[in-house]
Amino acid sequence: MNYWLLKTEPEEYSWDKLEREGRGGWDGVRNFMAARNLRAMKLGDRAFFYHTGDEKRIVGVCEITREAYPDKSDPTGKFVMVDVKPVRKAKTPVTLAEIKADKQFADFVLVRQARLSVMPVSAAHWKTICQRAGLDA
DNA sequence: GCCAACGTTGGC
DNA sequence: GCCAACGTTGGC
């Protein structure tokens, strides 16, 4: 299984909304590197749900329920989206500040490429963050 | 709230 | 196919 991180503005699409609706489509990605990561996702892969903006923290874990397919919101047809469902909410959200302060995350894409919205997470980083968040890995 | 950095688009 | 210009994102 592979691990990922998905960024979203909570005002636009939040963990609460995903939980309320039970599933959601991850559309609107317009960045090639992010899109490449979307295409690499496999059914059953897990992803951290990250709130950007003022929050800047990991708030939960979701699962990929449908692999990449054409993004309905993209008129050019170049970009793809995936579907996700909520798995578990973080007991303790893990903040970006906390991650940055920890040397073991120095090579984490979230730190190195601040603007990327869809990125892979290594198994080691996944495990550490799950522990901090009070999530079962 | 400004500015720098990055990524994408369009012109040549 | 390169490079300048533009738009967007995130840091301070």
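Proteins get letters first, then strands, A, B, ... in listed order; numbering begins at 1 in each. Bear in mind that the values here come from a model prediction, so they are computed numbers and not experimental data.
- For A:Lys7 and C:dG10, the shortest distance from a side-chain N or O to OP1 or OP2 is below 4.0 Å.
- As a whole-Å value, the separation of A:Phe32 CZ from B:dT8 P is 6 Å.
- Remark: A:Arg36 is not positioned above the aromatic ring of A:Phe32, lacking an NZ or CZ atom under 6.0 angstrom from the ring centre and at most 45 degrees off the axis.
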Determine, step by step, whether A:Ser14 and A:Asp16 satisfy the side chain to side chain donor-acceptor pair (under 3.5 Å) criterion, reporting the C-alpha distance in whole Å, the side-chain angles of both residues, the deciding distance to 0.1 Å, and the verdict. CA-CA 5 Å; A:Ser14 66; A:Asp16 285 344; 5.2 Å; no
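- With rounding to whole Å, A:Leu116 atom CG is found 18 Å from C:dT8 atom P.
- In the set B:dG7, B:dT9, C:dG10, C:dG10 carries the atom at the smallest distance from any side-chain atom of A:Thr52.
- With rounding to the nearest 0.5 Å, the separation of NZ in A:Lys85 from CZ in A:Arg23 is 12.0 Å.
- When the side chains of ILVMFWY residues are joined at heavy-atom separations under 4.5 Å, either directly or via intervening members, A:Phe79 and A:Tyr69 end up in two distinct hydrophobic clusters.
- Between A:Lys78 and A:Asp71 there is no salt bridge, since no side-chain N of the basic residue sits under 4.0 Å from a carboxylate O of the acidic one.
- Look at CZ on A:Arg36: it is 15 Å from C1' on B:dG7, rounded to the nearest Å.
- When the C1' atom of C:dT9 is taken as reference, atom NZ of A:Lys56 falls 10 Å away, rounded to whole Å.
- If you chain together hydrophobic residues whose side chains sit under 4.5 Å apart, A:Trp126 and A:Leu43 never meet in one group.
- Within 6.0 Å of atom CG in A:Asp54, 12 or fewer heavy atoms from other residues, nucleotides or ligands are found, so the atom counts as exposed in its surroundings.
- Direction change of the helix axis from one end of the helix from B:dG1-C:dC12 to B:dC12-C:dG1 to the other is 10°, with five pairs defining each end axis (rounded to 10°).
- Side chains of A:Thr95 and A:Arg132: no donor on one and acceptor on the other come within 3.5 Å.
- Chaining together hydrophobic side chains whose heavy atoms lie under 4.5 Å apart places A:Val82 alongside A:Trp4, A:Leu6, A:Tyr13, A:Trp15, A:Leu18, A:Trp26, A:Val29, A:Leu38, A:Met41, A:Phe49, A:Val59, A:Ile64, A:Val80, A:Val84, A:Val118.
- Following rounding to the nearest Å, A:Asp54 (CG) and C:dC12 (P) show an atom-to-atom distance of 16 Å.
- Rounded to an integer number of Å, the gap from A:Met33 CE to B:dA5 P is 18 Å.
- Shown for residues 100-115 of chain A: residues whose heavy atoms fall under 4.0 angstrom of DNA chain C, namely A:Lys100, A:Ala114, A:Arg115.
- Distance CG (A:Leu96) to P (C:dT9): 17 Å, rounded to an integer number of Å.
- Taking atom NZ on A:Lys78 and atom P on B:dT8, their separation rounds to 10 Å, with Å as the unit.
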